[in-house]
*Asks:* 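Take a look at this one; I'll ask things after.
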Amino acid sequence: MGVKIYWYIVAIVIILGMILPQEGKDRKYYIFLMTVLHTFVCGWRYIYLTGDLRKYAYYYGIYNDKSLGWFDEEIFHGGRNAGFQWICKAFSMMTDGDFHIFLICLAIFMQVSFAILIYYYSPRPWLSYLIWNCMSFYLVYGFTTIKQGLAMTVLLYAMMAIFQQKKRSFFILVLLAGFIHAPAFVFLPAYLIANKKITENTVIVYIITMIMVYLFKKPIAEWGTDIYYEDAIVNTNKMISLGGRFVVICIIILCGLLIKGFRERQFETLFTLMVIAASLQIFSGYNNVFTRFSDYYFQFTVLFIPMIFYKPIHTVPMNDEKNLPPFIFDQDSLNFFVMLLTVILIWFYHVTCLGRTIELKADDYLNYRFNWEVQDEKQAEQYEEVKY
């Protein structure tokens, strides 16, 4: 099947989005079909599609050893990411070490959780799914880095807790996500920060904050690495550029500021999360692990961008005292911008993900295969231990 499978998904997302209802309760039919499609492709992939999956599969087989205790160092690791190891051990013992069953269950949980978020909060599900694919959240965190993918999925519910102003639920969910993948703790400030109302002065403060973050990026990067990625190699002595992804996030923020404004509280909340994502992305020039931090916030662009161009699907808290955005467009003009955005997203997907050359064969996610296509290869597969 190869790389074509990813393009087929994008095509189906767009075509069915044009055919099936995107508003009202009938939107559930589109979201249901997207959930089935994404779950099937992700869950039934070749279980050693990437090097990361080989690593996870190796440990998954070890966890089936009943003599290995839940608090043994091989699993608990002093509590760091122990939640993920415990989940793997539980599934391994229940499935007799069948890694494929675990991947299927994981795919179901991730896709259903995403569907719930989109059903309740996205004004255009098809655009959310397009962003989710073209920004590579689905491919990277669903197919490869599944530990962070699971933690990010838990934070989808934490985001809903922010919208619903359920503080206790939010902190419980973030703690759970952090127990699965320690860097998820970076989302802890989100509740307090995101519920602050934005004014013109707030925007100025955000700009100044990002400038200060850039100026003091070296000590912050060293501190963050020591806490979250103790084994990461981060050369903070080198000069770094902000990078293209930082620019992309800033452009998205600017579009939200100019086109939407801050009258809708949910959009205002998401605007703040995008600013945090941009601030964290500044450090990615030192090491790509900092993009992982940013993605805990940036994943909610699947809601932020559709909300720029469309009205909310239900009544949301409003800030009537806020000024209108600088530019007012009618819906026809906004629809044109969405068409242009669709082309840009597809181009971005090709340049940053699907059009790349993968030098290391073990990490060739572009060579997609269903699990049943490589049964002989799977039985003969030999992979080395890679420690966490």
Side-chain angles (χ1 to χ4, degrees), residues 7 9-24 27 30-31 34 114 117-138 198 200 203 206-207 244-275 277-278 281 294 297-314 316 318-319 322-355:
W7 289 120
I9 292 175
V10 168
I12 293 172
V13 165
I14 296 173
I15 293 172
L16 290 186
M18 297 171 61
I19 297 173
L20 297 178
Q22 295 293 301
E23 300 180 84
R27 58 205 255 113
Y30 175 83
I31 294 174
M34 290 300 101
F114 185 76
L117 179 79
I118 298 308
Y119 178 77
Y120 284 109
Y121 296 103
S122 175
R124 285 298 183 276
W126 77 268
L127 185 53
S128 292
Y129 274 100
L130 182 66
I131 295 164
W132 196 42
N133 280 276
C134 292
M135 290 292 185
S136 301
F137 296 118
Y138 172 60
I198 299 176
E200 287 77 4
V203 175
Y206 286 162
I207 295 173
R245 198 169 184 269
F246 173 82
V247 175
V248 169
I249 299 175
C250 288
I251 291 174
I252 293 172
I253 292 172
L254 185 62
C255 289
L257 178 66
L258 298 179
I259 298 176
K260 189 70 170 186
F262 303 118
R263 288 202 163 192
E264 296 173 13
R265 284 289 293 123
Q266 289 182 356
F267 183 81
E268 188 178 44
T269 295
L270 290 166
F271 182 90
T272 302
L273 298 191
M274 295 302 106
V275 172
Q281 188 64 32
S294 177
Y297 287 89
F298 189 51
Q299 66 170 327
F300 297 107
T301 193
V302 298
L303 298 180
F304 183 75
I305 291 179
M307 286 184 184
I308 293 176
F309 301 104
Y310 298 101
K311 296 179 181 179
I313 59 176
H314 48 71
V316 299
M318 302 292 288
N319 297 322
K322 293 291 179 65
N323 294 327
L324 292 172
F327 300 101
I328 306 296
F329 298 96
D330 58 28
Q331 194 57 55
D332 287 339
S333 298
L334 293 176
N335 289 338
F336 172 77
F337 290 147
V338 171
M339 291 175 57
L340 180 62
L341 173 64
T342 300
V343 175
I344 293 173
L345 283 170
I346 294 173
W347 170 82
F348 185 83
Y349 197 24
H350 171 73
V351 170
T352 63
C353 190
L354 301 189

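Numbering starts at 1 and runs along the sequence shown.
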*Asks:* How about Cys255 and Ile305: do any of their side-chain heavy atoms sit closer than 4.5 Å?
*Replies:* no

*Asks:* Who passes ring-ring contact (aromatic ring centres under 6.0 Å, His included) against Tyr119, sequence neighbours left out?
*Replies:* none

*Asks:* How would you list, by chain and number, every residue that makes a side-chain contact (heavy atoms from CB on, under 4.5 Å) with Phe337, sequence neighbours excluded?
*Replies:* Phe309, Phe329, Leu334

*Asks:* With sequence neighbours excluded, tell me which residues meet salt bridge (charged side-chain N to carboxylate O under 4.0 Å, His left out) with Arg124.
*Replies:* Glu23

*Asks:* If we only count heavy atoms from C-beta on, is the His350 to Trp7 side-chain gap below 4.5 Å?
*Replies:* yes

*Asks:* Flag the pair Phe300 / Thr269 as yes when at least one side-chain heavy-atom distance between them is below 4.5 Å, and no otherwise.
*Replies:* no

*Asks:* Working to the nearest 0.5 Å, report the span between CD1 of Ile308 and CG of Leu257.
*Replies:* 10.0 Å

*Asks:* Please list, chain by chain and in numerical order, all residues satisfying side-chain contact (heavy atoms from CB on, under 4.5 Å) with Ile19, sequence neighbours excluded.
*Replies:* Ile15

*Asks:* Any side chain to side chain donor-acceptor pair (under 3.5 Å) pairs touching residues 335-348, not counting sequence neighbours?
*Replies:* Gln331-Asn335

*Asks:* To the nearest 0.5 angstrom, please state how far the CG atom of Leu341 sits from the CG atom of Leu127.
*Replies:* 6.0 Å

*Asks:* So, for Ala277 and Tyr297, which heavy atoms are closest and what is the spacing to 0.1 Å?
*Replies:* CB-CB, 3.8 Å

*Asks:* Quick one: closest heavy-atom pair of Leu16 and Gln22, and the distance?
*Replies:* O-NE2, 4.5 Å

*Asks:* Side chains of Arg245 and Ile249, heavy atoms from C-beta outward: is any pair under 4.5 Å?
*Replies:* yes

*Asks:* With rounding to the nearest 0.5 angstrom, report the CD1 to CG distance, Ile9 to Leu130.
*Replies:* 12.0 Å

*Asks:* Does the gap between the ring centers of Phe114 and Tyr129 come in under 6.0 Å?
*Replies:* yes

*Asks:* Could you state the interatomic distance from CG (Leu273) to CD (Gln299), rounded to the nearest 0.5 Å?
*Replies:* 10.0 Å

*Asks:* List in chain and number order the residues that pass side-chain contact (heavy atoms from CB on, under 4.5 Å) with Phe348, two or more places apart in sequence or in another chain; answer none if no residue qualifies.
*Replies:* Met135, Val248, Thr352

*Asks:* Which residues pass the side-chain hydrogen bond (donor to acceptor under 3.5 Å, both in side chains) test with Tyr121, sequence neighbours left out?
*Replies:* Gln164

*Asks:* Please tell me if the side chains of Pro123 and Met307 come closer than 4.5 Å, counting only heavy atoms from C-beta onward.
*Replies:* yes

*Asks:* Run the ring-ring contact (aromatic ring centres under 6.0 Å, His included) test against Phe298 and tell me which residues pass, sequence neighbours left out.
*Replies:* Phe137

*Asks:* Quick one: are Pro21 and Arg27 in side-chain contact, heavy atoms under 4.5 Å?
*Replies:* no

*Asks:* So which pairs with a foot in residues 331-345 pass salt bridge (charged side-chain N to carboxylate O under 4.0 Å, His left out), sequence neighbours left out?
*Replies:* none

*Asks:* With sequence neighbours left out, what residues match Phe267 under ring-ring contact (aromatic ring centres under 6.0 Å, His included)?
*Replies:* Phe304

*Asks:* So do the side chains of Phe271 and Ile252 get within less than 4.5 Å of each other, counting heavy atoms only?
*Replies:* no

*Asks:* With sequence neighbours left out, what residues match Ser128 under side-chain hydrogen bond (donor to acceptor under 3.5 Å, both in side chains)?
*Replies:* Ser122

*Asks:* Just jot down the side-chain hydrogen bond (donor to acceptor under 3.5 Å, both in side chains) partners of Ser136, sequence neighbours excluded, or say none.
*Replies:* none

*Asks:* May I ask you to decide if Val13's main-chain N or O and Tyr30's side chain share a donor-acceptor pair within less than 3.5 Å?
*Replies:* yes

*Asks:* Between OH of Tyr138 and CE of Met34, what distance do you get to the nearest 0.5 Å?
*Replies:* 10.5 Å

*Asks:* Using a 4.5 Å cut-off on heavy atoms from C-beta on, say whether the side chain of Val338 contacts that of Tyr310.
*Replies:* yes

